[in-house]
Amino acid sequence: MELLLHPFPSLLHPKPHHFPPQFPSKLRHGRLQEPVMASPQAPPLTLPLSLQETRSAAHRHDRSSSIQEAGARPPGPPARVEPRFVAETKLITVHSCAGRLGDARKVFDGMRHRDLLAWSAMIGAYAIRGMYGEVVALAVSMVEEGVLPDRFLITRILQACAYADDLELGRMLHSVAVKRGFMGRVRDVPVGNSVLVMYAKCGDLVCARKVFEKMACRDLGTWNSMIFGYCQSADWEEARRLLDAMRQEGTEPGVVTWNTLISSYARSGDLDVAMELLGQMEESGVAPDVVTWTSLVSGLVHMDRSDEALRCFIRMRLAGVEPNGMSIASAISACACLKLLNQGRELHSHAIKVGSVNNVLSGNSLVDMYAKCGEIVSAQRIFSEIPEKDIFSWNSMIAGYAQAGYCGKAYELFCKMENYDVRRNVITWNTMISGYIRNGDDERAFELFQMMESYGVKRDTATWNILIAGSVHNGYYDRAFRIFRQMQSLLMRPDYITILSIIPAFANLIASWKVREIHACVFHHNLELDGKIANALINAYSKSGDLASACAVFDMHPSRNIISWNCIILAHLLHGSPNEALILFSQMKQEGVLPDHTTLVAVIKAYGLMGKISEGSQTFLNMANDYNITPELDHYVAMVDLLGRSGRLKEAYELIDAMPLIPNSTVWEAFLSAAVRHGNVRLAHLAARELSAIDPGDHRVQRLASSLQDLTGKSVDVPKETAPNKGRKSDEVEGCSVEIRNNVYVFSNGDIVGLEDTVAELKSMMIKMGHSMLDIGVGSLDVEEEKEEIVGVHCEKLAIAFGISNSSHFKKIRIIKTARMCNHCHSFAKLVSKKYERHILIKDPKCLHKFEDGKCSCEDYW
DNA sequence: TTAGGGTTAG
């Protein structure tokens with residue numbers, strides 16, 4: 001009784017770590033200065049008869065008892081309630097039911113005296129609309145005014161605390177519930193459950209579990225709530241233990257239990273377990289409902305498995321479960337990912353049929369779907385018809401315009417949205433920045449990037465990723481790397497998208513140290529070396545000339561898939577190790593991984609490099625039967641290369657002639673290379689003409705023709721360039737780059753300004769190698785001639801000379817070239833590698849040449 | 001009167 005008279009004993013002696021918690025000394029900073037007690041002058045609280053009649057008998061009973069328990073007024077004869085208050089409370093309910101929340105609030109605010117019923121009506125009006133912030137704020141005011149919630153209202157407020165993440169108020173209400181005796185009896189199970197859920201949702205699982213253990217009675221909801229708590233904290237093991245425990249105690253899991261588990265596994269990306277649980281659910285005789293299916297559909301969409309998501313949606317329909325707005329929205333989102341306009345339209349009609357089309361959720365998915373499918377007008381129409389647009393609506397429409405290249409329209413919405421009381425969030429800014437950078441307006445993108453924090457929006461990892469990916473996309477690789485370093489210096493943690501965005505920019509010979517730095521960053525930030533990152537690293541290490549590191553990443557790969565195998569097989573091909581590539585192919589098959597299109601191209605190429613014509617041809621001929629893969633252009637290219645290398649030009653030509661696909665320039669290029677290598681001028685002419693017909697003015701044709709001329713001494717008649725150069729960017733400088741001690745030096749053909757020392761070095765090298773240079777045919781280059789006459793020298797010779805004189809002996813010389821190597825330079829590099837005992841790596845657009853001890857890994861065929 | 005599902009950017 002003492003407790004009832006002094007409902008806040010802890011105010012005098014706060015003990016913060018007590019369980020159940022005591023009332024805090026202050027409910028909120030500054031909100032509650034004094035201990036709150038029921039005021040002795042509080043107006044009478046007897047339930048008005050008129051409203052009582054509308055309530056159930058049980059409710060009536062509970063209400064009167066709760067008022068007595070609260071000790072809100074001294075015992076005595078029931079006091080009269082002024083009829084005006086009763087009428088006002090009724091009016092709040094009427095307004096609220098009619099959707100006039102503002103009017104309801106006006107009545108409430110104007111009341112001179114507010115009893116528990118008035119508070120319940122007003123709080124209920126907010127709670128039913130999910131306006132949990134308002135519920136929490138009102139609840140605090142209510143307690144401050146000395147009114148305490150009954151067992152019904154307390155559950156509503158606890159629910160609001162759970163959603164609004166208000167652990168402080170939640171603890172206080174727990175204390176109220178304990179002290180007022182709402183937690184002990186069978187009929188109080190819902191209150192206990194609400195307390196439990198409040199702790200679980202606010203992340204205090206220890207308290208949730210204590211409530212759970214103390215509950216004298218538990219129902220299905222109790223178990224569900226506790227399981228939910230563990231699922232939310234990703235403690236699947238404990239959640240599954242509870243599932244077993246509830247069954248042992250005689251409570252069979254219901255549809256909500258299964259849905260809780262399935263949805264949390266689906267959200268976490270563990271779709272296989274979610275599917276397994278779906279099976280168990282069906283086996284136990286519980287039919288999956290629309291929530292179960294929606295969890296699976298959306299989980300699959302998030303895991304980039306949209307095709308499966310749509311199959312799942314169909315399964316739901318076949319099971320006779322009618323989709324609602326949420327499930328349709330998820331399915332539309334799957335269509336958006338797959339750009340399935342027709343299926344998206346079908347779902348649109350279905351949304352109209354079930355009346356969810358004006359629902360903001362379906363509307364948002366439709367805007368996104370139409371925009372991604374390129375139907376920007378339809379997207380705009382849906383957007384304009386959404387009655388209460390939220391942040392998702394605006395962001396989706398802005399993204400739609402930006403992706404379609406209409407940055408002006410996107411920016412118009414970006415500026416306009418705040419006039420509609422929708423605050424721009426980090427995604428809005430990111431979308432706009434991404435739109436500008438993707439459309440080549442880097443300046444505006446960086447401007448917005450600089451501005452956003454002054455508008456109170458904090459940049460996140462995605463913001464940085466957009467700048468990095470955009471810089472890579474626009475060819476500003478060094479800028480991308482600077483941004484990457486800057487984000488780390490500002491303690492912004494990179495994620496797997498950062499890594500995947502930046503790696504491809506440095507998958508080349510002259511940036512090997514950058515690949516190592518990126519790899520170190522993966523370790524430093526403890527980023528999971530998941531499939532995609534590992535595959536990207538294998539690829540990057542391989543292309544940066546470091547096959548050993550590529551193999552190391554592959555060996556430690558946690559989840560090798562066909563892409564990982566393709567990466568490592570292609571790495572060995574690139575490094576001139578076709579035999580190892582084929583060994584890996586066998587291992588892959590032994591591990592039960594089926595080859596795909598790319599694997600078979602690599603295998604045919606490997607046989608080609610080894611001169612194993614028959615094995616390669618067999619692979620090509622049997623691929624449809626053995627692996628159900630129809631030969632495509634790439635496979636024909638590999639076959640032409642295989643036959644061409646061995647000089648079987650006639651067979652190669654017959655293959656091209658008989659192929660069911662139209663040969664593209666790559667097929668003819670492979671054939672031309674073979675004809676040039678084997679000195680067959682007639683066939684080289686033929687190939688050059690075909691190539692010119694496909695791609696007039698292709699600079700590669702001109703180069704191959706000149707190679708043929710060099711080789712045979714005969715002129716090759718190909719049409720001169722009539723169209724602009726294709727295959728390279730207009731601003732790209734023809735030349736090569738060499739990496740020395742993490743610095744990159746760029747040379748262009750014949751440009752010797754400021755390179756006097758290098759030219760001198762080159763001269764001395766040539767003298768050292770003496771007659772050898774003349775043996776390979778130096779053409780216009782004569783070491784005894786003056787500098788001016790060296791202008792015709794190819795840049796890789798300069799780069800090699802520069803590398804020899806500027807790097808230590810044990811370092812490899814790494815060079816990349818924009819044009820293919822000529823015979824002279826190739827022979828020169830071989831000689832240098834022997835004479836100077838150096839490893840030289842040169843990557844041209846076609847081949848990685850590894851020169852060592854006078855030999856090249858390409859075996860002189862490229 | 002309690003418990004489960006959704007849509008946007010890199």
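Chain naming here is simple, since letters A, B, ... match the order of the sequence lines and numbering starts at 1 in each.
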Is any N or O donor-acceptor pair between the side chain of Asn364(A) and the base of dG6(B) shorter than 3.5 Å?
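In this structure, the two groups form no donor-acceptor pair.
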Using atom [atom1] of [X] as one end and atom [atom2] of [N] as the other, report the distance to the nearest whole Å.
X	N	atom1	atom2	answer
Met215(A)	dA3(B)	CE	C1'	11 Å
Met326(A)	dG6(B)	CE	C1'	5 Å
Asp442(A)	dG10(B)	CG	C1'	15 Å
Arg185(A)	dT1(B)	CZ	C1'	14 Å
Asn359(A)	dG6(B)	CG	C1'	9 Å
His348(A)	dT7(B)	NE2	P	18 Å
Asp460(A)	dT8(B)	CG	P	16 Å

Out of dG10(B), dG5(B), dA3(B), whichever nucleotide has its closest atom nearest the side chain of Ser434(A):
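Side chain of Ser434(A) sits closest to dG10(B).
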If you check every side-chain atom of Ile497(A), which of dA3(B), dA9(B), dG10(B) has the closest atom?
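Nearest to the side chain of Ile497(A) among the choices is dG10(B).
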Consider only side-chain N and O atoms of Asp219(A) and Asn193(A), and report whether a donor and an acceptor are under 3.5 Å apart.
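Yes, Asn193(A) and Asp219(A) have a side-chain donor paired with an acceptor closer than 3.5 Å.
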Might you point out which heavy atoms bring His350(A) and Pro323(A) nearest each other, and give the distance in Å?
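Looking at all heavy atoms of both residues, the shortest contact is NE2-CG, 3.6 Å.
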What's Arg267(A) touching, base or sugar-phosphate or nothing? Going by heavy atoms closer than 4.0 Å.
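Counting heavy atoms under 4.0 Å across all strands, the contact made by Arg267(A) is with sugar-phosphate only.
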Check: Phe414(A) ring centroid to Trp429(A) ring centroid under 6.0 Å:
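So the answer is yes for these two rings.
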Can you list, pair by pair, the side-chain donor-acceptor contacts under 3.5 Å of residues 154-164 of chain A, counting residues two or more places apart and other chains?
from: Thr155(A); atom 1: OG1; to: Phe152(A); atom 2: O; distance (Å): 2.6
from: Tyr163(A); atom 1: OH; to: Lys201(A); atom 2: NZ; distance (Å): 3.2

Is any side-chain N of the basic residue among Glu213(A) and Lys210(A) closer than 4.0 Å to the acidic one's carboxylate O?
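Between Lys210(A) and Glu213(A) there is no salt bridge, as every charged N stays at least 4.0 Å from the carboxylate O atoms.
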Whether Arg381(A) engages the ring of Tyr370(A) as a cation-pi pair (distance to the six-membered ring centre under 6.0 angstrom, angle to the ring normal within 45°) should be assessed.
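Relative to the ring axis of Tyr370(A), which defines the angle, Arg381(A) lies outside at least one limit.
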According to a cutoff of under 5.5 Å between the ring centres and under 30° between the ring planes, does Phe152(A) stack with the base of dT1(B)?
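It does not: the two rings, one from Phe152(A) and one from dT1(B), miss the stacking criterion.
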If you take any heavy atom closer than 4.0 Å to DNA chain B, which residues from residues 284-294 of chain A end up in contact?
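The stretch gives Asp289(A), Val290(A), Val291(A), Thr294(A) as the residues lying under 4.0 Å from the strand, ordered by number.
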